[in-house]
Structure formats: structure tokens, C-alpha cells
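Reckoned from all heavy atoms, side chains included, excluding hydrogens, waters and symmetry mates. Here is the naming used below: chain letters follow the sequence lines, and residue numbers restart at 1 for every chain.
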Number of protein chains: 2
Amino acid sequence: MTSIKDVAKLAQVSVATVSRVINNTENVQDETKERVLAAIKELNYSPNLLGRSLRRLETKKILVMLNTISNQFYSRVVKGIEEKAIPHGYTVMVCMTHGNCKIEQRYMQMLKTRLVDGAVFLTTEQDGNTLTNELSAVNVVQACEPREDFLTSTVSIDNEKAAYDSVSYLIKKGHKKIAFFGAGDIYQSSIKREHGYCKALKENNIPVNPNWIFNEGFSFNAGIRASSLLLSKGELPTAIFCISDSCAAGAMKALAQNDIKIPDDISIMGFDNTQLSQIYMPSITTLKQPQYEIGYQAMELLLNKINGTDTNINHLLLDYEIVERESVKQI
Amino acid sequence: MTSIKDVAKLAQVSVATVSRVINNTENVQDETKERVLAAIKELNYSPNLLGRSLRRLETKKILVMLNTISNQFYSRVVKGIEEKAIPHGYTVMVCMTHGNCKIEQRYMQMLKTRLVDGAVFLTTEQDGNTLTNELSAVNVVQACEPREDFLTSTVSIDNEKAAYDSVSYLIKKGHKKIAFFGAGDIYQSSIKREHGYCKALKENNIPVNPNWIFNEGFSFNAGIRASSLLLSKGELPTAIFCISDSCAAGAMKALAQNDIKIPDDISIMGFDNTQLSQIYMPSITTLKQPQYEIGYQAMELLLNKINGTDTNINHLLLDYEIVERESVKQI
DNA sequence: TTGTAAGCGTTATCAG
DNA sequence: CTGATAACGCTTACAA
């Protein structure tokens, strides 16, 4: 590996001069500069960023932590993060935890040890107190699925209100028998959406039927499982509000296999407006989260934190909208 | 930020001793060790990995370069990479290029400047000669979509043979009129699959109809576009061999909207066995690439390269299999 | 305009 | 078993 010393030797100058040329930081005589540039080219030299970062105490790197990239939802969030980060000179890297605490801690080590300047957590596996303690000295924000006990700035939608609006929409479409396919109380978003679901029913004087609340998860298979359970209950609802588009698709497939027509027999509503909701047959009526914007704003908060421009803890709630497609029918 | 010096001072030992305790590298008296560990705990100290990497000239970090994580196909490949890397002490980070040369070069800079020990390229935007030159001194392998002019070890399937087998399968199912939805000659995999498609037809004395070859891309929308073009041609085939599952789904949706029944009127075959092929209605018959295995083996080659165990350029071709589902019918 | 040298946080060598 | 110190590659006062 060629270092700055090799360049200096070849160009017959000091390493300081080479550094000045590389960073365009002070005046260097044209002739010397050219000699240095020629040497750099000849040796195919690139400055070692470890050395630079160690000296400058900054790396210009950002980590995005998430459970898994197989969840389509996150890809546009990351895109938003990147498009804010790159113009400010930051490079973004994505790290998957696969729901594994150990792996998450390993990446956190990179944070704590200054291998990166900051991180955006899209999901996390650990409890908030631990995280708050461990990461007290580093720059972190949360987006999408924030934990309230992890004390950082956050960007997300108002999950309770979004669910409330979704279920109100179904009610407006004439539905009174509405089931909820959630993910259970390990997910704050699921708890809140269940609250919103109940609130909308109550406000419309529809009793909440606990037999119609299932918590099998976000995935396609979760939708299948929840549908099977629902079918075993006897009476069927006319609509199902699902925690995710994948879950909605799973529900649709399981119901279709039992000769239940969507939306003629049962209406289905998804959540997130992932590509799946557009391409499924029938296409899925869903609630669009502003994924790109969530990422963009989260990165903005992180930059402010890194620069010391804003030391407050902010909680941004962004707008959402219902996207009407084919899976919900007026009755 | 607390450094090793602070720990040494608090524990009343030298920094060397602290380092020995951290790395468990030499014998340290139990009593001293405990004092050091107590100090580390009290100061909540983590060693700065920049310093360590600079000293050791290795970072134990691997980059995975790809176009975009929104392509489901890659998520299992990355999983395979991770599961080989982690037990060897390596940490994996994913970097998206979004088809942008500039961004790709930025990540390559991390490679050239020793911020990471190596990289697996799943896709690349630049021409092979440039890459070969730029990255001659670093540890790199390619997987999935290798460029032959980028001289590295590669892991993939035999795309021509896989396409040949897929089309032969359709022929065995009684189809003689078979269209091809490809991605065009910017993708080596597309070129090769088109070759395989033509070869299978010729071997069965079926003339290749250039009107039935479309190159709109890998995406869902590409499938929609290709279908629209196909419908404008007049005569329809009885089967379509698609370059990806997304493309197949797009084709199915566009055809369904024109009241063409899948698989009764036209059979559709996808490629990759992504989750979409399982969950779509009807489910999509497809060719399963061993995604996890591709990633795992690519990482193995990379480790051998990093360790200097194997300096050859290897080209691994892994097995694939046809997964029969609902979108192809015997006629 | 250029060079010298200190220092970023580690680890490894060499003495003791 | 422990400490002092050089070195990794770079940037930046300070001096010349």
C-alpha cells in the first residue's frame, strides 16, 4: 500500500505539502503542486481514510440500522436518508440486525468507537433504557418505528391517528364488522394502531369484538395465519384492517383459497403503500406512509445533531394519506 | 470521548497493560486485570476502532455493493454473505449505488483507502477495465451478476443453461409459441438468457420469432410494457419466459386486464423464486437461484483472497432448479 | 511557499 | 508480569 510518504519522496517534497495539495487547503506553488499531482497519479495513490479520520476525529459516514432489507418498506426510507446525506458529504451504509441483539450491538460498537459519525435506527431489538445509556455520547435518531423509551429525536407518522382514519374510512364505506390483523404488543406501532382501530369503532358505536383481533405479525405468512384463525371463528367480518400490505396480501390469498372473493365478500385494507399493494391482484387499498420524507427528515435531524445546530429532542409526525384501490368495496 | 489513556490513568497502569487486558493477548496478573476492567466499566470505555484498524492495518469490515435493496432478490444473497462473514469476525455493510457511477466510485474509495478489508459486488455500473485497474490492489469478488471484463472471482448460475432449461420445460409442457421478456444487452445475464431461450427453441425445431422478443427490463413495469407491446403484435404466444419474477407479475397483471387468463390462455414463467412468485395469485412457476448459497460462497472466496489462501481467479457456477407453481399449464 | 513535528488512539516490540 | 516507546497514515500549528 502506498502512503503519503511515498508520494512525498517521489515528488521530493514534505508530506505536509502533499497533504496540502490533496486537501486544497493552503497555497502551494503551481510547479510543486504539479509535481505532487504527477506523483499521486504515478503511484495511483489514495489517502488512507483511517489516518485522516483518526486525525480529524470525524469519518463522514452514517449507519442505517434495520431489521432486514427484505422488507420493501425501508428501501425508500433509506433513499430519503441518502439524498439528504450525500450533498453534505456523508456516505450511508446499511446494516441488518435480523432481529438479533448481538449483531445490533456489534454495529453499535462502530458507533461508540467513532467508526461512523452517527446512525439512523429504523428498527431496534433492544430495550430503550439500555440503548439510551449505551449511546448517550453518540449521534443517533430514530425513524419509522421509534421506541419511546429510547430517548432520541424521532420521525414517523401518528400511528394511532392513521389507524383511526383507516378504520373510519372503512366505516364510511358501510362496514360495521371489521377485523384487525396486528403484530402484537412487542411493536409500539401495532399497539397504537390497535388503539386507533378500537377508538374508531367506539366513536361509531360499534362494539369491539375481541374474537376479531389477531396479532400474528407483519408478514405475508402472518396474514395467512390470521385468516385461518378468523375462518375458524364462525361469523366473518365484512372488512379487515391489516397492519401491513404483506399481511393484507397473505389474508387475501388465504381467503381466496377458501373461495371468499375480495372485495365482494370481504374488503381488505393494507398499510404502507409498498409496491406489493400496487401490483397485487386485486390491488390493495392502503395507507401511504411518506417513506422518503421520513428518511430525509430523520437525516436532517441527525445532521443538526452532528453539527450541534440543534440539541433538542424533536418528535416529528408526518402526514399520510389513504390510497384507494380495488380491495375495498362500498357496501 | 474517553481513550485508553484515561483508563490507564484510572487503573494506575500503563496503556500497554490496558491493551493487553482488552485483547486478552498476554498474561496479566489477576489483580491488575480486575483493576483495569473496573476502570473500563466505570468510564464506559470502548476502544476506538479507527486507532486499532490503523495500527493493525485491517478493519474486519466488508462492503456489499448493489444497485438497490428494493430488489428483493438480493436480500437472501446478503444473508448468505453475512452468515459466512460473521463467524470469521467480519462485519457486513450494504451500500446502494442506485445505478450511479459517482456514488459507486465513492464507495470504492472506501475500499481503496482501507476503510474496509474487501467487497462483494452484486451489481456494478462501471466498465470492467476501469474497475480492474482501480481495484487491482484490493480484495474484491463478484456475485449474481458478474461482469466478465472485471477480472475477479465470481459466483453465479449458468444463465444460458438456466434459460435453456426453463424454455425446454415450457416446451415439454406442450408450448411451441413462446415469447421472451428480457432486459436488454446492458445486462450480461439478459444476453445469456436470450441465448439459452433461442437455443432451446432451435433444438426443438421451433423458429425464433423476433416479434416475440422484448427487452423492457427486470421490473414489474417492464413486464407491463412488454405485455402491451406483445398485445399490439396480433398473434399471441401460449407461453412467456420472463427475466424476473417482477417482470412476470407485471406481465400477468397487464394480460389479466385484457381478459387473458393465466395460465389458461397464456402460461407465464418467472425467474429467481423471490417471495413475490410464491405470494402472487396465481403463484408463479419460476427458476430458483440459490441466492443464499451464492452469497455464502462469494464470501468464502473473498475470505480466501483476504487471507491469501487462494490467489486464483475462480468462477463458480451453482445449481438451480425449476419450481412448479400455478402460472404454467400443460397444453 | 514549504518543512518540521506533534498528535489522533491503538498495538507490538523490547527492556526491565 | 509490566512499562516505555515506536509506529500505523494523516493533518495542522508553528517555524523557517
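Taking every side-chain heavy atom of B:Leu54 into account, D:dC8 is the closest of D:dC8, D:dT11, D:dC10. For B:Val15, whose side chain is taken as the heavy atoms from C-beta onward, the closest listed nucleotide among D:dG3, C:dT2, C:dT11 is C:dT11. Of the candidate nucleotides D:dG9, C:dT10, C:dG3, C:dG3 has the atom nearest to the side chain of A:Val13. Proximity note for A:Gln29 (side chain, C-beta onward) versus C:dT2, C:dT4, C:dT11: the nearest is C:dT2. Closest contact between the side chain of A:Asn27 and the listed nucleotides D:dA4, D:dC8, C:dT1 involves C:dT1. Residue B:Thr17 places its side chain closer to D:dT2 than to any other of C:dT10, C:dA5, D:dT2.
Contact annotation: A:Asn48 side-chain N/O to D:dC10 OP1/OP2 distance is not under 4.0 Å. Note on B:Lys5: a side-chain N or O is less than 4.0 Å away from OP1 or OP2 of C:dC8. Regarding contacts with the backbone of C:dT11, a side-chain N or O of B:Arg52 is found under 4.0 angstrom from either OP1 or OP2.
Comparing B:Arg20 and A:Ile4 against DNA chain D, the residue whose closest nucleotide sits nearer the 5' end is B:Arg20. Across the interface with DNA chain D, nearest-nucleotide mapping of B:Gly51 and B:Val28 shows B:Val28 to be the residue nearer the 5′ end.
Spacing between atom CD of A:Glu26 and atom P of C:dT4 amounts to 15 Å, rounded to whole angstrom units. Put simply, CD on A:Glu58 is 13 Å from C1' on D:dC10, counting in whole angstrom units. For the pair B:Leu43 CG and C:dG9 P, the computed distance is 14 Å after rounding to whole Å. Following rounding to the nearest Å, A:Leu57 (CG) and C:dC8 (P) show an atom-to-atom distance of 8 Å. In this structure, A:Asp6 atom CG and D:dC10 atom C1' are separated by 13 Å, rounded to whole Å. With rounding to whole Å, A:Ile22 atom CD1 is found 6 Å from D:dT11 atom P. Taking atom CZ of residue B:Arg55 and atom C1' of nucleotide D:dC10, one finds them 16 Å apart after rounding to whole Å. The nearest whole Å value for the distance from the CZ atom in B:Arg56 to the P atom in D:dG9 is 16 Å.
With B:Thr152 contributing its side chain and B:Val140 its backbone, the two residues share no donor-acceptor pair below 3.5 Å.
Here the two rings, on B:Phe73 and B:Phe218, have centers that are 6.0 Å apart or farther.
Using a 4.0 Å heavy-atom cutoff across all strands shown, A:Thr2 reaches no nucleic acid atom at all. Counting any heavy atom pair closer than 4.0 Å across all strands shown, A:Thr32 reaches sugar-phosphate atoms only and no base atom. Note on A:Ser19: a base of the nucleic acid sits closer than 4.0 angstrom, heavy atoms only. Counting non-hydrogen atoms under 4.0 angstrom, B:Leu50 reaches nothing in the nucleic acid.
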Go through the steps to decide whether B:Gln142 and B:Thr154 satisfy the test side-chain hydrogen bond (donor to acceptor under 3.5 Å, both in side chains), and finish with yes or no. CA-CA 5 Å; B:Gln142 294 184 84; B:Thr154 62; over 6 Å; no
May I have the step-by-step check of salt bridge (Lys or Arg N to Asp or Glu O under 4.0 Å) for A:Glu148 and A:Lys192, ending in yes or no? CA-CA 12 Å; A:Glu148 286 174 353; A:Lys192 290 189 173 166; 2.9 Å; yes
Candidate pair B:Glu104 and B:Gln126, rule side-chain hydrogen bond (donor to acceptor under 3.5 Å, both in side chains), full reasoning: CA-CA 8 Å; B:Glu104 179 164 307; B:Gln126 298 172 79; 2.9 Å; yes
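Here CZ of B:Phe121 is found 6.0 Å from CG of B:Leu131. Values are rounded to the nearest 0.5 Å.
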